[in-house]
Amino acid sequence: MEKLSRPLQGEELFAPISKNWSHKLLQFVMPGDVVLHWRSGEGFIGTSVVLEGASVGNRVWAGRAQECWIVPLAEFEAFERVISLTDVREVEAQLMRAQAVLESAYDNYKYFPFNFSPYRSLRAHQAYFTKFPVELFEILALVGLELPVAFDVKTGQALPRVPTTATRGGPRFLSDTQLRLAIERYSVTAARQWYERRGARDVIELGKPYDLELTLASKIRRVEVKGSSLPKVGTVLLTSNEVQNARVYPYTDLVVVDAIQFEKDDDQQYVCYGGELRRWQDWYPEDWQLRNLQFEYELPSDAS
């Protein structure tokens with residue numbers, strides 16, 4: 001992730017040759033890597049793709065010409081809306097948990113793109129350039145971060161824009177939507193198998209307004225299923241229909257399958273495995289447990 005204070009974006013990365021760890025990271029950037037751009041005072045503004053590895057040249061830094069590492073970029077794409085610091089703070093708790101998981105998994109882990117403090121709210125790391133763990137994309141999707149460029153979740157590199165099936169309006173391209181759908185399908189299958197092992201019958205996969213309907217212990221149960229690749233998620237996204245269904249039907253369960261692992265097969269399709277399943281029987285979402293992330297606005301008829 002690049003933290004910008006200058007007006008230009010998406011053309012190149014550069015930082016002085018020094019012992020600063022953030023500047024030295026530029027040496028390890030590879031062609032095809034996806035770069036997220038954060039502008040100070042705004043938030044996430046877009047992405048670019050690295051054209052080639054770092055070279056050495058002169059650039060103006062801190063008001064004077066200096067010898068710098070320089071990384072050329074291409075394919076800058078702005079987000080439809082800026083994901084602001086206020087947006088990111090909505091998921092501060094989830095980001096803190098993700099950092100703790102990474103620190104426990106990797107010795108001497110550093111380079112996290114956000115700073116946490118008991119005395120103030122989350123801030124973007126003050127460093128110019130940081131690593132951006134792939135685990136954070138799922139968290140930031142909760143506040144609207146959708147990458148306009150597809151990338152390999154293991155390497156962080158942009159995928160070729162190869163058309164898949166043609167649709168009205170032109171071809172569509174591979175994107176991380178495929179990963180989300182793969183996780184959703186895997187989660188529903190895992191939930192179905194969990195209930196079937198416990199004697200459920202007449203299991204039907206519906207999708208909306210809930211994922212499963214089944215008979216267990218002489219009761220017809222409705223099951224809402226959520227999946228995640230993150231461990232022990234503390235929040236999930238719900239639609240208004242999902243909330244309404246859980247409130248009016250007494251035998252509704254919530255099932256969360258998290259810590260799902262995934263990889264790509266020879267056909268570049270996502271294959272999911274593993275995961276931990278948690279179930280809340282006779283689930284009722286209370287008002288205090290819900291937070292508005294979006295609103296539907298009805299447009300007035302008096303447009304000019």
Check whether more than 12 heavy atoms from other residues, nucleotides or ligands sit under 6.0 Å from atom CZ of R198, and answer yes or no. yes
Answer yes if V188 and L277 sit in the same cluster of Ile, Leu, Val, Met, Phe, Trp and Tyr residues linked by side chain heavy atoms under 4.5 Å apart, and no otherwise. yes
Run through V256, V225, D258 and flag the one making a side-chain contact (heavy atoms from CB on, under 4.5 Å) with V236. V256
Between R123 and N115 (side chain of the first, backbone of the second, donor and acceptor by atom type, cut-off under 3.5 Å), is there such a pair? no
Using a 6.0 Å cut-off, check whether atom CD of Q126 has over 12 heavy atoms from anything other than its own residue. no
Just checking, any donor-acceptor pair under 3.5 angstrom between side chains of H37 and S48? yes
Any chance you could lay out the side chain to side chain contact (heavy atoms under 4.5 Å, CB included) test for I45 and F79, step after step, and finish with the verdict? CA-CA 6 Å; I45 60 172; F79 293 138; 5.6 Å; no
How long is the gap from OG on S55 to CD on Q27, to the nearest 0.5 Å? 11.5 Å
Take atom CD in E42; do more than 12 heavy atoms of anything else shown fall under 6.0 Å from it? yes
Starting from the C-alpha separation in whole Å, work towards a yes-or-no answer on salt bridge (Lys or Arg N to Asp or Glu O under 4.0 Å) for E205 and R192. CA-CA 8 Å; E205 293 188 19; R192 176 173 186 152; 3.3 Å; yes
If you count the non-hydrogen atoms of other residues, nucleotides and ligands that lie under 6.0 Å from CD in Q289, is the total more than 12? yes
Report yes if some heavy atom in the side chain of Y270 is under 4.5 Å from a heavy atom in the side chain of E263; otherwise report no. no
For I139 and A98 the tightest heavy-atom approach is CD1-CB, 3.8 Å
Taking side chain as C-beta onward, heavy atoms only, is L95 less than 4.5 Å from V88? yes
Side chain to side chain contact (heavy atoms under 4.5 Å, CB included) between W69 and I17: does it pass, once the steps are laid out? CA-CA 6 Å; W69 286 298; I17 296 175; 3.7 Å; yes
Sub-4.5 Å side-chain heavy-atom contact between K226 and L238: yes
When every non-hydrogen atom of C68 is compared with those of R59, the smallest separation belongs to SG-CB, 3.9 Å
What do the steps show when you test R247 against D287 for salt bridge (Lys or Arg N to Asp or Glu O under 4.0 Å), and what is the final call? CA-CA 11 Å; R247 287 178 166 181; D287 285 342; 2.5 Å; yes
Could you give the distance from CG (D253) to CG (L214), rounded to the nearest 0.5 Å? 7.5 Å
Are Q94 and L142 packed together at the side-chain level, in the sense that at least one heavy-atom pair is separated by less than 4.5 angstrom? yes
Crowded around K131 NZ? As in, over 12 foreign heavy atoms under 6.0 Å? no
Indicate, with yes or no, if L51 and V49 share a hydrophobic cluster defined by side-chain heavy-atom contacts under 4.5 Å among Ile, Leu, Val, Met, Phe, Trp and Tyr. no
A190 to V257 - nearest heavy-atom pair and separation: CB-CG2, 4.4 Å
For the backbone of P250 and the side chain of Y284, can you confirm whether one donor and one acceptor N or O come within less than 3.5 Å of each other? no
Pair H125 and W38, ring centroids less than 6.0 Å apart: no
Closest approach of E67 and N58, non-hydrogen atoms and distance? CA-OD1, 3.6 Å
Aromatic ring proximity F132/F137, centre distance under 6.0 Å: yes
Please step through side chain to side chain contact (heavy atoms under 4.5 Å, CB included) for the pair I83 and V143, ending with a clear verdict. CA-CA 8 Å; I83 307 301; V143 292; 4.2 Å; yes
Verdict with reasoning, E196 to R201, per salt bridge (Lys or Arg N to Asp or Glu O under 4.0 Å): CA-CA 7 Å; E196 288 177 336; R201 55 185 176 81; over 6 Å; no
Do the side chains of Q99 and F116 get nearer than 4.5 Å, heavy atoms only? yes
Note: A191 and V255 closest approach over all heavy atoms is CB-CG1, 4.0 Å
Side-chain touch D87/R81, heavy atoms, less than 4.5 angstrom: yes
Output the rest of the hydrophobic cluster of V60: all Ile, Leu, Val, Met, Phe, Trp and Tyr residues reachable through side-chain heavy-atom contacts under 4.5 Å, sorted by chain and number. none
Shortest non-hydrogen separation from P72 to G53 and the atoms involved: CD-O, 4.2 Å
What distance do E12 atom CD and L26 atom CG have between them, rounded to the nearest 0.5 Å? 10.5 Å
Quick one, E2 and Y128 - any side-chain contact, counting heavy atoms below 4.5 Å? yes
Between F262 and V101, is there a shared hydrophobic cluster once you connect ILVMFWY residues whose side-chain heavy atoms come closer than 4.5 Å? no
Give the cluster check for M96 versus V91: same hydrophobic cluster or not, with ILVMFWY residues linked at side-chain heavy-atom distances below 4.5 Å. yes
Assess whether side chain to side chain donor-acceptor pair (under 3.5 Å) is satisfied between Y249 and R221, documenting all intermediate values. CA-CA 9 Å; Y249 191 76; R221 290 202 164 272; over 6 Å; no
Take R185 and D211 through the salt bridge (Lys or Arg N to Asp or Glu O under 4.0 Å) test and state the conclusion after the steps. CA-CA 10 Å; R185 288 193 297 268; D211 293 292; over 6 Å; no
Hydrophobic cluster (4.5 angstrom, side-chain heavy atoms) - remaining members for L206: I204, Y210
State whether a side-chain donor-acceptor pair under 3.5 Å links E138 with S229. yes
Atom pair CG/OG of L85 and S40 - distance to nearest 0.5 Å: 10.5 Å
Can you tell me how far the NZ atom of K24 sits from the CG atom of N20, to the nearest 0.5 Å? 9.0 Å
For E242, does its backbone N or O pair with a side-chain atom of T239 as donor and acceptor, under 3.5 Å? yes
Check the pair F14, V71 against side chain to side chain contact (heavy atoms under 4.5 Å, CB included), reporting the backbone distance first and the verdict last. CA-CA 6 Å; F14 66 86; V71 177; over 6 Å; no
Verify the cluster assignment for W280 and V248: are they in a single hydrophobic cluster under the rule of side-chain heavy atoms below 4.5 Å apart? no
Heavy atoms, side chains only, cut-off 4.5 Å: are T252 and D282 in contact? no
Rounded at 0.5 Å granularity, tell me how far CZ in F44 sits from CG in L140. 5.5 Å
